[in-house]
Engineer: 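Supplied in structure tokens, the structure appears directly below.
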Protein chains: 2
Amino acid sequence: MTLFDARSGIEIMGRDECLELLRADVIGRVGVIQAGAPVVLPVNYAMDGDDVVFRTAPGSKLDTGPSARGCFEIDSFDRATRTGWSVMVAGRLEEVMPYAVPQLTQLNVQPWATGTRNHWMRLRSTRITGRIVRES
Amino acid sequence: MTLFDARSGIEIMGRDECLELLRADVIGRVGVIQAGAPVVLPVNYAMDGDDVVFRTAPGSKLDTGPSARGCFEIDSFDRATRTGWSVMVAGRLEEVMPYAVPQLTQLNVQPWATGTRNHWMRLRSTRITGRIVRES
């Protein structure tokens, strides 16, 4: 289902379409609040149901403490035609407990960066939204 | 100048390199805090010195009130070689006063979306950082 925001001229994507795009990609951006300021950092990720899971190094900026509010964004832009889309997942971040990690490893989240990234985080999604800007 | 974070295997970009990349692109992502939650939204932008300026519709999610903390991120990823880079600008958001808009219009920020976007915002940068993940 695609809606249309008359004010902005932006199409609103349905949840299923958003999830399809989220399941098709491997890298996106996590947004967190750190010391009162928003921070946006790219991460490799996978979807576990409707949640975003990713690995990070202990002590990373994304290590926000229990149940911090977070978001995750993916997008694709064509600068030549001035079109594109973006999907945002809003939710709460939680650390994945060690006993639950084995069932996530099959999701095959392979960080591109080297170094130890044994710390798994889950963004438990509460809201998934997407927007499309088509050629005008 | 490129440094190297031995823990993560990520190269740290120098400020000049970050600014060069920021000046070369036209679309990125603004991060703000809205009702206590981080929000990340794509915007068309231009650099005005070291600041990021962009246009938004009045009442937009990015209309955060005076001097809110904000950030801005651009990146480029090559999924085939598992490499990429990202640049983040941290700072404070401010509305551009109407008398200052004419000097920004020459920056030619053309939102891809239609609709009225006469509201100009400036992210007054306090910190610009960048990271590179090269082929390992």
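The figures that follow rest on heavy atoms only: side chains count, while hydrogens, waters and symmetry mates do not. Quantities reported herein were computed from a predicted structural model and do not represent experimental measurements.
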Engineer: Atom CG in A:Asp78, atom CD1 in B:Ile27: separation rounded to 0.5 Å?
Structural biologist: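 Between atom CG of A:Asp78 and atom CD1 of B:Ile27 there are 10.5 Å.
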
Engineer: Quick check: is A:Leu93 connected to A:Val39 through a chain of hydrophobic side chains (ILVMFWY, heavy atoms under 4.5 Å apart)?
Structural biologist: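 Yes, it is one cluster - the side chains of A:Val39 and A:Leu93 are joined through contacts under 4.5 Å.
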
Engineer: Taking atom CZ of B:Arg127 as the centre, report whether more than 12 heavy atoms of other residues, nucleotides or ligands fall under 6.0 Å from it.
Structural biologist: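 Atom CZ in B:Arg127 is not crowded, with 12 or fewer foreign heavy atoms closer than 6.0 Å.
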
Engineer: Give the minimum heavy-atom separation between B:Val40 and A:Cys71, together with the two atoms involved.
Structural biologist: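 Smallest heavy-atom distance, with atoms named: CG2-SG, 3.5 Å.
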
Engineer: For the hydrophobic clusters of this structure (ILVMFWY residues joined by side-chain heavy atoms under 4.5 Å, transitively), does one cluster hold both B:Tyr45 and B:Trp85?
Structural biologist: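 Yes, B:Tyr45 and B:Trp85 fall within the same hydrophobic cluster.
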
Engineer: In terms of heavy-atom pairs under 4.5 Å, which option from B:Ala90, B:Gly36, B:Pro111 contacts chain A the most?
Structural biologist: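 Most heavy-atom pairs within the cutoff with chain A belong to B:Gly36.
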
Engineer: Please answer whether the main-chain N or O of A:Gln110 pairs with a side-chain N or O of B:Arg82 as donor and acceptor at a distance below 3.5 Å.
Structural biologist: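 Yes.
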
Engineer: Applying a strict under-4.5 Å side-chain criterion to I, L, V, M, F, W and Y, I'd like to know whether B:Val52 and B:Trp120 cluster together.
Structural biologist: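 B:Val52 and B:Trp120: separate clusters.
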
Engineer: Which bit of A:Asp25 is near chain B, if near means a heavy-atom gap under 4.5 Å: side chain, backbone, both or neither?
Structural biologist: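 When you check distances to chain B, only side chain atoms of A:Asp25 fall under 4.5 Å.
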
Engineer: In Å, rounded to the nearest 0.5 Å, how long is the span from CG of A:Asp75 to CG of B:Asp75?
Structural biologist: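 That separation rounds to 7.0 Å.
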
Engineer: Same hydrophobic cluster for A:Ile128 and A:Met121, using side-chain heavy-atom links shorter than 4.5 Å among ILVMFWY?
Structural biologist: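 Yes; tracing contacts between hydrophobic side chains, which count when under 4.5 Å, links both residues.
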
Engineer: For A:Arg134 and B:Trp112, run side-chain contact (heavy atoms from CB on, under 4.5 Å): C-alpha distance rounded to whole Å, both residues' side-chain angles, the deciding distance at 0.1 Å, then the answer.
Structural biologist: CA-CA 8 Å; A:Arg134 294 196 200 277; B:Trp112 297 355; over 6 Å; no

Engineer: Sort A:Arg29 into side chain, backbone, both or neither according to what part of it lies under 4.5 angstrom from a heavy atom of chain B.
Structural biologist: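 Looking at A:Arg29, just its side chain touches chain B.
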
Engineer: What residue, out of B:Gly70, B:Ala37, B:Gly31, B:Ala68, has the most heavy-atom pairs lying under 4.5 Å from chain A?
Structural biologist: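 Of the options given, most contacts go to B:Ala37.
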
Engineer: Out of curiosity, does B:Leu123 fall in the hydrophobic cluster containing B:Val53 (side-chain heavy atoms, cut-off under 4.5 Å, transitive links)?
Structural biologist: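 Per the 4.5 Å side-chain linkage, B:Val53 and B:Leu123 are not co-clustered.
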
Engineer: Kindly give the heavy-atom pair with the smallest separation between A:Arg131 and B:Pro42, and that separation in Å.
Structural biologist: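 Residues A:Arg131 and B:Pro42, closest heavy atoms: NH2-O, 3.9 Å.
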
